[in-house]
Asker: 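One structure follows; several queries about it will come next.
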Amino acid sequence: MTAAPAISGKHALVTGGGSGVGRAIALALAGTGIDVTVCGRRDAELAKVAGESDRIFGIAADVTNEVSMASLYQRAESERGPFDIVIANAGMAGSTPAHKTTLADWQKTLDVNLTGAFLTVKPALAGMAARKTGRIIFIASTAGLKGYAYVAPYVAAKHGVVGLMRALAAETAKSGVTVNAVCPGFVETDMLEESIQRIVEKTGRSAGEARASLASTNPQGRFIQPQEVAAAVLWLCGEAASSITGQAISISGGETW
Ligand SMILES: NC(=O)c1ccc[n+]([C@@H]2O[C@H](COP(=O)([O-])OP(=O)(O)OC[C@H]3O[C@@H](n4cnc5c(N)ncnc54)[C@H](OP(=O)(O)O)[C@@H]3O)[C@@H](O)[C@H]2O)c1
């Protein structure tokens, strides 16, 4: 997976690049010589990651807002050229039994994880097809491949992301663009810490017990590290992965396949 020479000198967008998985992806891409625009809603997080590499540039934007994403594209592409790589990573997860899920919670989860993913990649599609090159990668989840209890909107949204990826892969197959999803199991990030906290609050179990129970979903008995997801993304961005499209790649220690 030494893709660096083949992909340097390009411009990538990583949504949710200020933290967790997105930050790891941004640093990995920047490390190969790619200019990376990261977005999210919190300026402070974007500034922090931009401070870690001269090749990372933060622009605040909300993936659920088409106007906000259009203005991000306008500014980032005029400053650093068209996006060659788009990583739809921004996401959020809540947790409630399905019968207690409000319409507002359902809608918000779909807005960020599914509609946000669509609004992230849509502005890139025509240009990539015209240039006959491009990489689109969705950070989905094992929740896009199997069901989990108490996260119905998240599971529905991530299954939707995998469907969106497959549709776009079919649509772009002859254009030199590849479209894939990576599907991590539990990754050690803020999102995981929030899930552990929710389990503690709702069940009275200790943080250690909650942590062990989530880690046990991975047959390897551990959490995935953000850098492991970034490594798969880097490989998908390289020339060596030119014929890999339409795939949902599970990064989960064998939890799903
Ligand atoms: N951690 C896990 O166990 C796990 C497992 C499988 C898949 N994933 C997926 O991995 C991706 C990254 O999650 P993470 O674990 O790295 O969690 P995280 O640290 O909470 O990152 C989520 C990122 O999304 C951004 N975001 C949320 N809503 C946004 C919006 N409306 N507009 C723009 N940015 C928004 C957040 O930035 P702002 O708050 O500043 O907007 C944040 O940087 C998500 O798609 C998640 O579903 C995570």
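In listed order, ligands and their atoms are each counted from 1.
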Asker: Output yes when the distance from some N or O of ligand 1 to some N or O of Thr64 is under 3.5 Å, and no in every other case.
Answerer: no
Asker: Where do Arg198 and Glu201 land on the salt bridge (charged side-chain N to carboxylate O under 4.0 Å, His left out) test, with the steps shown first?
Answerer: CA-CA 5 Å; Arg198 272 196 303 272; Glu201 282 160 18; over 6 Å; no
Asker: When the side chains of residues 157-170 are checked against the rest of the protein, which donor-acceptor pairs come out under 3.5 Å, sequence neighbours left out?
Answerer:
unit_1 : atom_1 : unit_2 : atom_2 : d
Lys158 : NZ     : Ile139 : O      : 3.0
His159 : ND1    : Ala143 : O      : 2.9
His159 : ND1    : Val155 : O      : 3.0

Asker: So is Asn89 polar-close to ligand 1, meaning N/O to N/O under 3.5 Å?
Answerer: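 Among all N and O atoms of Asn89, at least one is under 3.5 Å from an N or O of ligand 1.
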Asker: Is Gly185 in contact with ligand 1, taking contact as a heavy-atom separation below 4.0 Å?
Answerer: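 Yes.
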Asker: Using heavy-atom distances, let me know which of Arg42, Met69, Lys158, Glu45 sits nearest atom 37 (O) of ligand 1.
Answerer: Arg42
Asker: Out of curiosity, Glu193 CD to Ile196 CD1, how far, rounded to the nearest 0.5 Å?
Answerer: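 Taking CD in Glu193 and CD1 in Ile196, the distance rounds to 4.5 Å.
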Asker: Given Arg41, Met191, Met92, Arg23, identify the one with the heavy atom nearest to atom 17 (O) of ligand 1.
Answerer: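 Checking each option, the heavy atom nearest atom 17 (O) of ligand 1 is found in Met191.
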Asker: Is there a path from Phe186 to Val21 through hydrophobic residues (I, L, V, M, F, W, Y) whose side chains come within less than 4.5 Å of each other?
Answerer: no
Asker: Can a salt bridge be assigned to the pair Arg222 and Glu228 using a cut-off of 4.0 Å between side-chain N and carboxylate O?
Answerer: yes
Asker: When only distance counts, is Val112 in polar contact with ligand 1, meaning an N/O pair under 3.5 Å?
Answerer: no
Asker: Are the aromatic ring centres of Phe83 and Tyr73 under 6.0 angstrom apart?
Answerer: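 They qualify: ring centres under 6.0 Å apart.
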Asker: For ligand 1, which atoms, with element, lie under 4.0 Å from some heavy atom of Gly20?
Answerer: 16 (O), 19 (O)
Asker: So for ligand 1, is Gly18 a polar contact partner (N or O within less than 3.5 Å, distance only)?
Answerer: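 So ligand 1 has no N or O lying under 3.5 Å from an N or O of Gly18.
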Asker: For atom 16 (O) of ligand 1, grab the closest protein heavy atom and report residue, atom and distance to one decimal in Å.
Answerer: Val21 N, 2.8 Å
Asker: Looking at atom 47 (O) of ligand 1, what's its closest protein heavy atom, distance included?
Answerer: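 Protein heavy atom with the smallest distance to atom 47 (O) of ligand 1: Tyr154 OH, 2.6 Å.
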Asker: Regarding Tyr148 and Thr217, is there a side-chain donor-to-acceptor distance under 3.5 Å anywhere?
Answerer: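 Note: Tyr148 and Thr217 side chains miss the donor-acceptor criterion.
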Asker: Which of the atoms of ligand 1 are close to Phe186, meaning less than 4.0 Å from one of its heavy atoms?
Answerer: 3 (O)
Asker: If you measure every N/O of Val187 against every N/O of ligand 1, is any gap under 3.5 Å?
Answerer: yes
Asker: Between Thr256 and Ser250, do the side chains contain an N or O donor and an N or O acceptor separated by less than 3.5 Å?
Answerer: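 Note: Thr256 and Ser250 side chains meet the donor-acceptor criterion.
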Asker: How far is atom 31 (N) of ligand 1 from its nearest protein heavy atom, and which residue and atom is that?
Answerer: Asp62 OD1, 2.9 Å
Asker: Among all protein non-hydrogen atoms, which one is nearest to atom 10 (O) of ligand 1, and what is the separation to 0.1 Å?
Answerer: Ile139 CG2, 3.5 Å
Asker: Heavy-atom distances under 4.0 Å are what count here, so tell me which part of Ala61 touches ligand 1: side chain, backbone, both or neither.
Answerer: backbone
Asker: If you measure from each non-hydrogen atom of Ala140 to ligand 1, which part falls under 4.0 Å: side chain, backbone, both or neither?
Answerer: backbone
Asker: If I apply the N/O under 3.5 Å rule, does Thr189 come out as touching ligand 1?
Answerer: yes
Asker: Identify, for atom 43 (O) of ligand 1, the protein heavy atom at the shortest distance, and state residue, atom and that distance.
Answerer: Ser19 OG, 2.8 Å
Asker: Could you find the nearest protein heavy atom to atom 25 (C) of ligand 1 and give me its residue, atom name and distance?
Answerer: Gly16 CA, 3.6 Å
Asker: Does Glu52 pair with Arg23 as a salt bridge, N-O distance under 4.0 Å?
Answerer: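 Salt bridge present between Glu52 and Arg23.
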Asker: Do Leu192 and Leu214 make a side-chain contact, defined as non-hydrogen atoms from C-beta onward lying under 4.5 Å apart?
Answerer: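 They are in side-chain contact.
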Asker: With a 4.5 Å cut-off on side-chain heavy atoms, are Ser68 and Asp62 touching?
Answerer: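 Asp62 reaches Ser68 side chain to side chain.
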Asker: For atom 32 (N) of ligand 1, what is the closest protein heavy atom, and at what distance to 0.1 Å?
Answerer: Val63 N, 2.9 Å
Asker: So which heavy atom in the protein is nearest atom 6 (C) of ligand 1, and how far is it from that ligand atom?
Answerer: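 For atom 6 (C) of ligand 1, the nearest protein heavy atom is Pro184 O, 3.2 Å.
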Asker: State, with a plain yes or no, whether a side-chain heavy atom of Asp35 is found less than 4.5 Å away from one of Phe57.
Answerer: yes
Asker: Please identify which atoms of ligand 1 are closer than 4.0 Å to at least one heavy atom of Gly91.
Answerer: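 Listed by number with element, the hits are 22 (C), 24 (O), 27 (C), 44 (C), 45 (O).
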Asker: So, do Thr109 and Met92 sit near enough that their side-chain heavy atoms are less than 4.5 Å apart?
Answerer: yes
